[in-house]
Amino acid sequence: MSFPWANQYKPKNPVMQWVDERLPLPRLVYNATGAGYPVPRNLNYFWNFGVLSGAALVIQIITGIVLAMHYYASVDGAFNSVEHIMRNVNSGWLIRYAHMNGASFFFIVVYIHIFRGLFYGSYKAPREMAWLLGVVIYLLMMATGFMGYVLPWGQMSYWGAQVITGFFSAIPIVGEPLRQWLLGGFAPDQATLSRFFSLHYLLPFVIAGVIILHIWSIHIPGSSNPTGVSVKGEEDTVPFHPYYTAKDGFGLGVFLIFFVIMAFFLPNAMGHPDNYIQANPLSTPAHIVPEWYYLPFYAILKAFTVDFAIPFTGIVIMPAKLMGVLALFGSILLLFFLPWLDTSPVRSGHYRPLFRKFFWFGLIPTVLVLGVCGAMPAEPMWVMLSQIASAYYFAHFLIILPIVSRIEKPLPLPGSITEAVTGKPLKAATA
Amino acid sequence: MATSKKSGGSAKKPAKKAAAKKPAAKKAAVKKTSAKKAASKKAAPKKVAVKKAAPVKAAPAGVAVGEPHPGAQEPRRRDFINIAAVSFAGVGAATVVIPLVSQMSASADVLALSSIEVDVSAIEPGQSIKTVWRKQPIFIRNLTDKEIAEANDVDVSSLRDPQTLEERTQPGKENWLITLGVCTHLGCVPLGAAAGEIKGEYGGYFCPCHGSQFDTAARIRKGPAPTNLEVPEEITFKSDTIVQIG
């Protein structure tokens, strides 16, 4: 699980020795995130975002547990209990704004973490399992975030639940019964709210469990690094503690500054005002939008407007609605196959001139454009733009990456991490 | 990294193989006995014995495979007990899943609200009302003669979900268009039922979420919705002014 030169855990304190012999938990922590874990010496600040994601999850769990003490999941009372938290509960406003903005910040840092992985090829061998588990965590986060947004039972909560569970009705034959099973009725109602509350409380702990697997899987080959070159000797690494605990600690401080600025001064900037209107099953808001972190996927859903049919016969092979839903799920499930779509042996985008161009001028703008389109009403211009961007998104992963991996001539890689940092070759291998 | 991997790998591999082979060998032995026993006991007892021995031998030395005990050809009683116990537990576990899954379906009180009666006497031609059935909005619309004519003028075969107005209303009550107010795309409530709301290009309903347009028979004409607005299956006019839905 580690390099042979890793520091060994040798507790001096007799109490810690006593504990270590009976339950080596301090040893586990020491080896996982302490001085016992050797890490490449050249990690940049993009490597902070894993720790920041973990910190965001902790913030969500702590504030969430407190909110659950004051919230009640009833269609008549949920909306009022949220207002009660805001107005009557001591510091309730702070806790709720921290939870609301914490969700957004969780997604911000996770998105940076994901794109870090995409650029530096962190999904490639031997770290595929960490990538796959990461996609699982992301899916769990999306489910948790969606259900959490339903709980205040405002207009966007209700209609978001209606639209998203409506995805399932696109599935032929079993779709509608499946939708009713998920909702526990014909439309979102008490049964829906109660079960979403239950699952919204459960899933963060499931996420925490998968995060442990995620970290475990990354500790087997050891962390990746900006050059993508594997660790070749002791000189290439430094112990996680104190080097990266310090660097992560600094990053965490910066993260928390941004977080409190939003929570204190712009608490509703990333929300939607319609969610301060109580849910009304008889009136749809003029413009339903999901939370900002789902917008690119929402744009993909809306991009499918024409049935897939055999021309001139009117035989519909796949209705537009089903195609939109499949594309939405496909756009995420696609990421599971990424380690095998990008076959280039070079990991880091720094040494891949063609890949780098498609990343910065293809993938990144596409995702941003999709995000904007997702927020816009279904007008012809926006629909067409989201169609083009959706097409590129799929083409990037399914066509461009496999071809680029084949035809690209990568730049020469440094002989070692140490060489990349100091310019001098690694001394005779210590390993 | 490289070193730790290599040393770990070479040490682990044989152990893993042995672990994998052991159950395989056992399975093979069990299968063959049960299948062949009846047929080959008389005919070729030697063959059975040879085949039985092979998988056991294949296991690497030094790994405890278990002595081939005297009754090896017979299906062991222990195998029977194992299979029976695991199957029983499996069926039990599967049974427990049924209530755990079905508890999520619509409960009795939700289903109990599935029938309503509406007095439509106050709805003038050209007007419509929204009411609630099964917690979902219902549109009840009194069509004008012009709207009926518009709906009947359409070439049905050109529609995405071909239906005539007649098929979507009750016999003799063609002016009463009763549909769910739930867009068949993703479940929004279309506009056009309340006074002053836009009715869309085809004079029926317009869904603001993703731009589906419905005509005066609430049929999908344009936009992403795959089918017409749903007409509840059971609509009965108890009298000229009372309609029962569900």
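Scope of the values below: all heavy atoms of this structure, side chains included, with no hydrogens, waters or symmetry mates.
For A/L322, no part lies under 4.5 angstrom from a heavy atom of chain B. Within the 4.5 angstrom heavy-atom criterion, only side-chain atoms of A/Y298, from C-beta onward, approach chain B. In this structure, chain A has heavy atoms under 4.5 Å from both the backbone and the side chain of B/K135. Using a 4.5 Å cut-off between heavy atoms, B/T184 contacts chain A through its backbone alone, with no side-chain atom that close.
The aromatic rings of A/W5 and A/F3 lie parallel to each other, their planes meeting at an angle below 30°, with 60° marking the opposite boundary. The aromatic rings of A/F240 and A/Y37 lie tilted to each other, with the angle between the two planes from 30° to 60°.
When A/T192, A/I164, A/D189, A/V289 are compared by the number of non-hydrogen pairs under 4.5 Å with chain B, A/D189 comes out ahead. Interface remark: of the candidates B/V101, B/V110, B/L111, B/V101 forms the most heavy-atom pairs closer than 4.5 Å to chain A. Between chain B and the residues A/P285, A/P281, A/A187, A/G184, the largest count of heavy-atom pairs under 4.5 Å involves A/G184. Between chain A and the options B/C188, B/C207, B/G181, the largest number of non-hydrogen pairs under 4.5 Å is found for B/C188. Chain B forms the most heavy-atom pairs under 4.5 Å with one residue out of A/R179, A/R195, A/Q190, and that residue is A/R195.
Ionic pairing of B/D215 and B/R219 is present here: one or more N-O contacts between side-chain nitrogen and carboxylate oxygen are shorter than 4.0 angstrom. Using a cut-off of 4.0 Å between Lys/Arg side-chain N and Asp/Glu carboxylate O, B/K146 and B/E150 are scored as salt-bridged.
Counted within 6.0 Å of CG on B/D145, heavy atoms from surrounding residues, nucleotides or ligands total 12 or fewer; the atom is thus considered open.
Note: B/Y205 and B/F139 meet the aromatic proximity criterion, with ring centroids under 6.0 Å apart.
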